[in-house]
Amino acid sequence: MAERLSPLAGFEPVSAESLRIEEIPFLTQLDVRVDPKSRAAAEIGLALGVPLPTEPGTYASGDCDVLWTGPDEWLVLAPPGAEGLEGRLREACAGAHVGITDVSAQRTAVLVDGPRSRDLLAHGCALDLHPRVFGPGRCAQTVLARAQVVLAAREGDAFMILVRSSFAGYLGAWLLDAAAEHLLD
Amino acid sequence: MTSRRREGVAGETLRFRYDGRDYEGLRGDTLAAALLANGVRAVVRSGGLGRPRGIYASWTEEPNALVQIEEPFPEPMLQATTVELYDGLVATGLGGRGRLADRPDPARYDAVHAHCDVLVVGAGPAGLAAATAAAASGARVILADDRPAAGGCLPDTGETVDGVSGTTWAAGMLAELAGRPEARVLPRTTVFGYYDDNYLVAVERREEGAASRERIWRIRARRVVLATGAHERPIAFAGNDRPGVMLAGAARAYANRYGVLAGRRAVVFTTGDGAYDAARDLAAAGVEIAAVADVRRDAHALDEALAVAGPLAGTEVLTGHVVTGVGSAPDGSVASVTVSGPSGEREIEADLLLVSGGWNPVVHLFSQSGGALRFDEELHAFVPGEAAQAVEVAGAARGVYTLAGCLEDGVATGTRAAEAAGFRVPPHPVPAAERVTALPSGRLWLVPADDYETHFVDLQREVTVADVMRATGAGLRSVEHVKRYTTAGTAHDQGKLFGVLTSAVVAHATGVEIGDLGTTTFRAPYAPVSFAALAGRDRGMLHDPVRVTSLHGWHAAHGALFENVGQWKRPWYYPRPGEDMETAVLRECRAVREGAGAMDASTLGKIDVQGPDAAEFLDRLYTNMMSTLKVGAIRYGVMCRADGMVFDDGTVMRLAEDRFLATTTTGNAAAVLDWMEEWLQTEWPSLRVYCTSVTEHWATVALAGPRSREVLAGLAPGLAVDAASFPFMTWRDAEVAGIPARVCRISFSGELAYEINVNAWDGLALWEAVVGTGVVTPYGTETMHVLRAEKGYPIIGQDTDGTVTPADLGMDWVVSKKKADFVGKRSHARADTSRPDRKHLVGLLPEDPGLLLPEGAHLVATSRLPEPPVRALGHVTSSYRSAALGRTFALALVSGGRERIGERLYVPLGGDPVPVTVTHHVLYDPEGARRDG
Amino acid sequence: MRDVPPQPERLWTSPEPKRSYDVVIVGAGGHGLATAYYLAKNHGVTDVAVLERGWLAGGNMARNTTIIRSNYLWDESAGIYEHALKLWEGLEEDLGYPLLFSQRGVLNLAHSLQDVRDGVRRVHANRLNGVDAEWLGPEEVKEVCPIVDVSPGVRYPVLGATYQPRAGIAKHDYVAWGYARAAAAMGVHLIENCEVTGVEVVDGRAVAVHTPLGRIAAGKVALAAAGHTSVVAETAGVRLPLQTHPLQALVSELLEPVHPTVVMSNAVHVYVSQAHKGELVMGAGIDAYNSYRQRGAFHVIERQMSAALELFPVFARAHVLRTWAGIVDVSPDASPIVGLTPVEDLYVNCGWGTGGFKATPGVGWCYAHTIAHGEPHPLAAPFSLERFTTGALVDEHGAAAVAH
Amino acid sequence: MLLIPCPWCGPRDEAEFHYGGQAHVAYPADPAALSDEEWARYLFFRDNPKGRFAERWSHTAGCRRWFTLTRDTATGVFESEAGA
């Protein structure tokens, strides 16, 4: 089979002391829709090894990350190549009313890390990313520059940005443009 | 010219050029300070009257000294009082209009979002006290100030705080804030807008060498403290526009902050005590104070006040006096001042006239926030009233004019703000300052005179009291009308200095109270902001996202020209060397009709619709029946808005009993998903359906043409591709070029065709495999448009415009008669939507087969055009040269078009209308014989 | 005061309202004033009061970007706007007032192939309607307006433009004052600070209006209250298909002439002209939500500037001096509603959305006719309230024209 | 820039939302049974008050949920209660 190509294949990662920006390509991503109070929700949680978080704007981590993206919607991020996951989830809640959709290539992930990461994101993100407000374990669907993104705060200064694949080139260019200032120091 | 710099003032020398002459100034000067230091008094000549004009104020309230920056890059209309001097500055005085550069601005601009518990606007005594008090609680504090250095008026007045100079104290406060990890100080940052929900915007003029020249701060604050100070108020008197007429506080600022004396011998014209402090400082600095004309009549009290004033001892104070005239030197500047009062009228030689008509609190931001203003009869000024947002006002901005009072007010306000935001402020000492008791101020807006032709109320617009009186004399009663009639307050300063005075003059002229009359509305921006700063980083390719598919790199590398479709870049056509568009498109069309072609169709919207009620849901949204679709099959569908007009179209494939994949047009992908969610969530919450966008998860390659089956067979040996095994409008999962794929047998060209969908990561590999067979020609959107038009397939948004029903498109077959309802059905029964003469989609064949009709051309019934207005019968929606038909053709929406098939109509194109024949809209292969190859 | 023509020594007086008038017009904006003027001039109806809740012409008349054009797509729209433009062409003389009417042309830019189709379509439609219209290629656009960036490298290149040479701008305040002065001179009462708080309806007929200054009886009541029309109509029990939104605009400092025409762009969303004194006058997008506040949101302005610099890079260092907002009443098909209502003797003129200024003389003419005759003027007839029931909309949304 | 209280995501900038106009306008149970006038009322006529207004918003750039809020169109202030 020919080589796969990620949306930011041509993106030159940024690696400075103050700031790191790089694509994390080919994650397995599933969109999960289910009534959080249903048995199916619990079964999906068991199959994932991570219960579906019900607090808005948070994510739970285990073998995979499960991000709350709506009151009955989650985005599951698993390592590349977890092709069997979708089937396992369907099996776990067979017959129940759930929506499980493979969206692996719908978005790509960009990791932004370093002491200037919040400064960089503040150029285009209206959310308050102060660690008191948006610390590790928090996630949000929001707008960064002129692209819709899913943003997740990792440990320390790291953020994971999930962006629609067609917007990735734009967002990459925007991040580089905005980062210029933060690499000078 | 001799230097007006005070002795002992030194610093780095900067060279600049003004109005063609070279000067030197000191680092830290504003252009205005440097000009005054060089003895330049008449800095501009007014545009209309040609009157020489000087520097009136010392900061953003300056109404007069406007300059055009010429070098390093042309910038129109800045205030000399706010331009920080730099080496190599070249500027000219502006009496009228500014000039834009004729070359692109090389500078960069950007924006930042910020959040805080307490935003303090203004780093004067009140603001610094508020910010330090609030920050002591651990609250997140932003202190924004429009000056390069903190301290507000302290460097102007030279007052002391806590026993040290005001500037030293201010530096100490900044150092304290620097030690607070949650505090941020933004110097050179003008908060210019106060919007809803405590959203304030500011512009930072960044230091030389910063990554951007100006930066917009978008600040969301839980609490706001406005410590924006007060502007000294001018007085309307004859000749009040002469160079050398200056606000008393401004002259004091030039003396104390910049070490520059604005004149040698001054007359002071005042309504209150403040001007005495200015006069005292100027006298101490060496300016001779010839006399003080004080409108107040209580001579005894004034003598008391003066007694403590060392440098002014012996100065003549003319109580109950006003300035009635200004004599001018040859350059137009002040040479003498005429004062009148109980002692009679006198002309006093002077080159400087210091004016102080009291103070106007800077209430602009408070008013923008929605807060009410009230007129304070003791202060003779508009002050903040009831707030409409989480905002408090501190210090001079609410009429507290003493330093001690401002410091106390600042600490109290900052503490309240932090506590209101949920923080506890530890006991915070109030900085100490000298307590002074001021005498009540007098009130004088306008010095009465026989004529008011040189009593100015707007210096840039050259509006006088006489003009205001003409306006009121014409019947105008509202300040807004007077503003519009006279243009007062519409210039660069937006009436910052003279606005309240203008209101007072209108009140005087119409016999009402100024408090009842009010002011014109305060609107953003507080100070002018450059377009470029507001545009920020959203310029050029970052103006709007460029959306691309996973195949984009290939298209670009193979010479495709691109079409903007919404935010997408889609390959338009792929010209070979030497080909123009027409040749390339005809070649691509021929390739598809005669061999095989491939197009990147990845931009089509794709929505995964799952759930037990998915079929029912789609039945309600599409005009046709989707629930009868068999698993493995595909159906074309149309959606209408509730008004019955076509909204979108696409195919729906049934993946399982409870799962469908719906495709949408490229431009409507998001709109259709939103549409589905809206109906599901707000109207039909009981339907068990989930919708998920998978548009970018898939790369889609359309493979079309009589040879497409053979191409697919070669790439997918495991797939039975014969027509019986893989019929039209079905789909199959298969490996294509070794890649897991979902292959659909659908056609938008009328040819045998497939759409191959793979994970977008594999899109390029698939495309290269397809094109790599050597028999497949890549084609773009233009060819796709031609091919579908030959088949009479409409493009939503091109052949429709939001006023077209499915029936208008000849698509009755796609509108279910069996369903009780679908969105839009009821509207089809309205009188207008069931008219027989509605516009129908038809084909057109120009009688000249080589004539390409312009898309958008109109159709009329007659070969000769009558005089306008001429009722058109319709218009051309699509028009192409067809390789397959060997001629041009068009699609058109024509009134009663289906009944006109065979008729001759005419298209006016400038000369005689050209004849065309109306045809059925399907012009190529109407029998559908080619669909199965 | 300079840069402005001399203003008349007398504009209008402020009479005490009478107890009764033949016609009470609600709203002394451009439309209300023009209607009063044509009622008096064309129909001899002079026992007219125009009641204004604030200061005369202080609503959208004082807040618009003064663009005048008639190059609308649909015949119905072209009819009334072209009628207006013809009146504009003689209005200074008619009113005896310097209106600074400047026929400097308007360009509507196209940035996509569909924009081009829509633009060409409009040009052809305009010509059949006797409206002057041309299609220009990018180079011709540059000839008309040299500062437009027509290079292919920008995000949304200019692919061409429609051009209406007879279009232009006028000084909004003077237009209102010209009508006010002329109407007052014919006996019309202009009454400011007199908010209509209710329309009194007896037996299905409008008989009076209520104001803080008292009840004022009226033979006919004609609404011309723009963004507030719904509120007033509601008091008469009339429900209108209107939504009220803020629309922002802004102005720069005075600049030497750089921009000789009017440029509008739907796709990039800019409309800009340079007024006679030299300031750039620019409109922003409509704020999305219903609001009666004359203020909008800042991000709309930021977006507007980004769009402006895409088209006009030379504007980079111009400065925004002032921003403001009007509140506009928008109908479902982005076309006006003019005519009769279910309440007898109650007339409406509303729904002009972002396009009311340019129509001022035309709508005043037709509305006055409608009021005087009790039946719609032929040019106003397509804009009846009934069209929402029959479905015969005049859909200027979907159609090519920018609605401003 | 309004700060709109999304019942799920908390307060967010107005730019993240899509406006849906008047709330509680139900799709008619049987459109075919309506007269043209009644159908027109459903299609085109909405309240437009100056004051309290129950309106729909969708958090399109966030959780994509529709919800109803009451806002004063004369002051811009949302009432604190929020219903899904």
Side-chain angles (χ1 to χ4, degrees), chain B residues 47-48 75-77 96-101 104-105 193 195 201 461-463 467 474-476 478 480-481 484-487 492 494 523-525 528-532 534-535 538-541 543-544 563-564 797-798 801-803 827 830-833 854-858 868-870 872 875, chain C residues 1-4 7-14 55 58 62 75 79 111-114 117-121 123-125 128-130 154-156 173 253-256 258 278 297-298 301-302 305-306 308-310 313-324 390-392 395 397-399:
Chain B
E75 179 162 17
M77 210 169 282
R97 297 157 162 175
R99 202 184 69 255
L100 294 170
D105 181 359
Y195 291 84
V201 288
R461 289 281 190 262
E462 313 218 80
V463 181
D467 295 320
L476 302 176
S478 155
E480 295 285 358
H481 280 146
R484 288 171 158 75
Y485 186 93
T486 64
T487 72
H492 181 273
Q494 291 285 296
R523 293 199 181 272
V529 188
S530 71
F531 284 21
L534 295 169
D538 290 356
R539 303 278 300 276
M541 283 302 132
H543 167 67
D544 206 36
E563 175 189 4
N564 282 316
Q798 173 170 344
D801 61 5
T803 68
S827 289
R830 291 178 302 171
D832 195 72
T833 22
E855 289 170 345
H858 276 49
V870 182
H875 75 282
Chain C
M1 57 201 189
R2 303 296 165 240
D3 310 318
V4 296
Q7 294 295 298
E9 289 295 321
R10 292 301 298 169
L11 285 171
W12 61 85
T13 53
S14 304
W55 41 284
D75 297 344
H111 300 275
S112 69
L113 298 177
Q114 189 54 40
R117 290 181 199 107
D118 291 341
V120 172
R121 177 184 176 190
V123 165
H124 284 272
L128 290 178
N129 277 313
V154 304
R155 177 66 185 87
Y156 293 110
D173 293 324
E253 72 267 70
L254 304 192
L255 298 165
E256 287 176 9
V258 291
F298 178 65
I301 299 283
E302 284 182 302
M305 289 296 100
S306 161
L309 295 200
E310 280 302 288
V314 302
F315 289 172
R317 293 209 183 177
H319 300 93
V320 176
L321 231 56
R322 188 175 180 86
T323 63
W324 65 89
T390 64
D395 194 346
H397 275 317

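Each chain gets a letter, A, B and so on, in the order its sequence line appears, and its residues count up from 1.
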Quick one, [X] and [Y] - any side-chain contact, counting heavy atoms below 4.5 Å?
X       : Y       : answer
Q114(C) : Q798(B) : yes
L113(C) : E563(B) : yes
L476(B) : W55(C)  : no
P869(B) : N129(C) : yes
L534(B) : F298(C) : yes
R523(B) : L321(C) : no

Given heavy-atom pairs under 4.5 angstrom as the criterion, report whether the side chain, backbone, both or neither of [X] touches chain B.
X       : result
E302(C) : both
A62(C)  : both
T323(C) : both

Main-chain N/O of E855(B) paired to R117(C) side chain as donor or acceptor, under 3.5 Å: no
Heavy-atom donor-acceptor pair, S306(C) side chain to D538(B) backbone, under 3.5 Å: yes
Contact leader toward chain B among A308(C), G58(C), A297(C), G391(C), where contacts are heavy-atom pairs under 4.5 Å: G391(C)
Partner chain B: residue of I301(C), V258(C), L128(C) with the largest heavy-atom pair count (under 4.5 Å): L128(C)
Pick whichever of [options] has the most heavy-atom pairs under 4.5 Å with chain C.
options                   : answer
A831(B), P76(B), A101(B)  : P76(B)
V201(B), V529(B), V870(B) : V529(B)
G540(B), S827(B), G475(B) : G540(B)
R484(B), H492(B), E75(B)  : R484(B)

Mind checking the [atom1]-[atom2] spacing from [X] to [Y]? Nearest 0.5 Å is all I need.
X       : Y       : atom1 : atom2 : answer
T803(B) : D395(C) : OG1   : CG    : 6.5 Å
F531(B) : M305(C) : CZ    : CE    : 4.5 Å
R155(C) : M541(B) : CZ    : CE    : 6.5 Å
L309(C) : R539(B) : CG    : CZ    : 4.5 Å

Donor on one side chain, acceptor on other, N564(B) and Y156(C), under 3.5 Å: no
Parallel, tilted or perpendicular, as decided by the 30° and 60° cut-offs, for the rings of H124(C) and H858(B): parallel
